[in-house]
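Throughout, protein chains are lettered first and strands after them, A, B, ... in sequence-line order, and every chain is numbered starting at 1. Worth knowing before you read on, the calculation uses all heavy atoms, side chains too, and leaves out hydrogens, waters and symmetry mates.
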2 protein chains.
Amino acid sequence: MRGTSKYDREVLSALECDERFRSCQEIHSRLAEARGGGSRPPSLSTVYRTLHRLARQGEIDTIHAEDGERLYRRCETSPHHHLLCRVCGRVEEIPHAWELRPVLDRVGYQSGFSELGCSLQLSGVCPDCGRSVPTGEDPEERGADAVL
Amino acid sequence: MRGTSKYDREVLSALECDERFRSCQEIHSRLAEARGGGSRPPSLSTVYRTLHRLARQGEIDTIHAEDGERLYRRCETSPHHHLLCRVCGRVEEIPHAWELRPVLDRVGYQSGFSELGCSLQLSGVCPDCGRSVPTGEDPEERGADAVL
DNA sequence: AGATTATTGATAATCGTTTTCATTTTCGCA
DNA sequence: TGCGAAAATGAAAACGATTATCAATAATCT
């Protein structure tokens, strides 16, 4: 596998204008819908392979849904974090590292770990959902490892 | 399901002295080994159910492995984050929220999101592994969404 | 063009997890 | 103590996302 697919571009553009993370299967059916009817869309296998490759090359981000399903999203070029609405699933991107870098440096210094990276998954209730859903969701639905 | 199982205690104690996250199946076979031979261990289904319940009750943390497998670990009582060694899988616990709270407050203020929680998964190379593995791991192996 | 190599698609295999359902256990209460 | 409802359990089937397989196709090189 030298790392190309004629579908790379198409998959990327299917992800292009998305504010949500998408599963491989969503992307696949989106590709199928997107064509007028002339050419055949790539197979599911190929979409999986393409997503793998793009993720490995750092072109796209992957996260895990609560149920372990892999979700993909186009990377922005600058470092960023994600803010997930626990109610509707909308994801917003948080500009960059904020004042997190010093935290990482400190952790690295104190723990002896090197090459520190971090994945910060923020979750909350977005303004829209906050209005409609008054209170008291099932705790089951909350991010499983929200610890703060 | 009113929320008890005669295995709750046993599952918790199987998790008790662990510095790694464990999969349900690991826990299950651990329970099987732990008995002399008299009584029968709980079934895999029951271990799954028990872990669900404990996670919902906040007794244990869950995270996802790279492949989406769910991993469980006993919660400490105070808020904390996890620092994962990308080479050996060792997990250390980072005391508490550090100076992260102000970051969350700011994000909440600027985004309009409410009830902000966060899961901070830090990863790096632990001191032991840092000595033995000089450099250049396969980028495939890195945490998929290490963004900082 | 011909040979070599990589990519693709269809399908089967994997594997962690969840459901189902019949059986057993637990618990309240007369 | 014994009965009956409700919950918990185990075994196995169902599920579903992902991965592996392999023959067919397309791309590449000389």
Side-chain angles (χ1 to χ4, degrees), chain A residues 1-12 14-15 20-32 34-35 38-57 59-73 89 138 140-141 144-145, chain B residues 1-12 14-15 20-32 34-35 38-57 59-73 89 138 140-141 144-145:
Chain A
M1 191 201 288
R2 194 169 41 218
T4 8
S5 156
K6 60 176 167 181
Y7 297 114
D8 280 18
R9 198 168 308 171
E10 196 175 350
V11 167
L12 279 177
L15 244 35
R20 291 223 311 101
F21 279 84
R22 300 285 175 190
S23 70
C24 180
Q25 319 220 18
E26 280 180 298
I27 295 165
H28 177 246
S29 48
R30 177 172 289 210
L31 290 183
R35 2 199 109 223
S39 53
R40 297 231 312 282
S43 69
L44 188 57
S45 314
T46 299
V47 178
Y48 269 111
R49 282 188 282 237
T50 303
L51 288 170
H52 270 187
R53 191 178 319 114
L54 293 173
R56 181 153 31 103
Q57 294 169 355
E59 300 277 342
I60 58 181
D61 275 346
T62 75
I63 60 171
H64 286 288
E66 278 306 294
D67 63 354
E69 191 183 24
R70 270 206 192 76
L71 303 177
Y72 301 88
R73 188 173 187 235
D138 184 347
E140 178 107 76
E141 300 305 321
D145 39 358
Chain B
M1 190 200 285
R2 195 169 40 222
T4 8
S5 156
K6 60 178 169 181
Y7 297 113
D8 280 18
R9 197 168 308 171
E10 196 175 349
V11 167
L12 279 176
L15 244 34
R20 289 222 313 101
F21 279 84
R22 299 288 176 189
S23 70
C24 180
Q25 318 221 19
E26 278 179 299
I27 294 164
H28 177 245
S29 48
R30 179 172 287 208
L31 290 183
R35 4 198 106 224
S39 54
R40 297 232 313 283
S43 69
L44 189 56
S45 315
T46 299
V47 178
Y48 270 110
R49 283 188 280 237
T50 303
L51 288 170
H52 270 189
R53 191 180 316 113
L54 293 173
R56 180 151 32 104
Q57 294 169 354
E59 299 277 342
I60 58 181
D61 275 346
T62 75
I63 60 171
H64 287 288
E66 278 306 293
D67 64 352
E69 192 183 24
R70 271 205 191 74
L71 303 177
Y72 302 89
R73 187 173 188 237
D138 184 346
E140 179 105 76
E141 300 304 322
D145 40 357

Practice item. Run the numbers on A:R53 and A:E59 for side chain to side chain contact (heavy atoms under 4.5 Å, CB included), then give the verdict. Key: CA-CA 9 Å; A:R53 191 178 319 114; A:E59 300 277 342; over 6 Å; no

Check your understanding: By side chain to side chain donor-acceptor pair (under 3.5 Å), which residues pair with B:S43, not counting sequence neighbours?
Key -> B:T46

Check your understanding: Considering residues at least two apart in sequence or located in another chain, which fulfil the side chain to side chain donor-acceptor pair (under 3.5 Å) criterion with A:S29?
Key ->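 For A:S29, no residue satisfies side chain to side chain donor-acceptor pair (under 3.5 Å) once neighbours in sequence are set aside.
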
Review point. Under a 4.5 Å cut-off applied to non-hydrogen side-chain atoms, are A:L44 and A:Q25 in contact?
Key: yes

Review point. Can you name the side chain to side chain contact (heavy atoms under 4.5 Å, CB included) partners of B:P41, sequence neighbours left out?
Key: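 B:P41: side chain to side chain contact (heavy atoms under 4.5 Å, CB included) contacts with B:A32, B:R35.
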
For the pair made of [atom1] in [X] and [atom2] in [N], what is the distance, rounded to whole Å?
X	N	atom1	atom2	result
A:R53	C:dT8	CZ	C1'	11 Å
B:D8	D:dA7	CG	C1'	13 Å
B:L51	D:dT9	CG	P	13 Å

Check your understanding: How does protein contact run along nucleotides 9-21 of chain C, one letter per nucleotide 5' to 3', with B for base contact, S for sugar-phosphate only, - for none, heavy atoms under 4.0 Å?
Key -> BBB----SBBBB-

Check your understanding: Using rotation axes that map the C1' atoms of four end pairs onto the next four (five pairs an end), what angle separates the end axes of the helix from C:dA1-D:dT30 to C:dA30-D:dT1, to 10°?
Key ->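 Between the first-five-pair axis and the last-five-pair axis there is 20°.
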
Check your understanding: Of the non-hydrogen atoms in A:I60 and A:Y72, which two are nearest, and what is the gap between them?
Key ->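 Smallest heavy-atom distance, with atoms named: CD1-CD2, 3.7 Å.
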
Point to revise | Cation-aromatic face contact A:R73/A:F21, 6.0 Å, 45 degrees | key: yes

**Study point:** Set of salt bridge (Lys or Arg N to Asp or Glu O under 4.0 Å) partners for B:E69, sequence neighbours left out
**Key:**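 Checked B:E69 against salt bridge (Lys or Arg N to Asp or Glu O under 4.0 Å); zero matches.
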
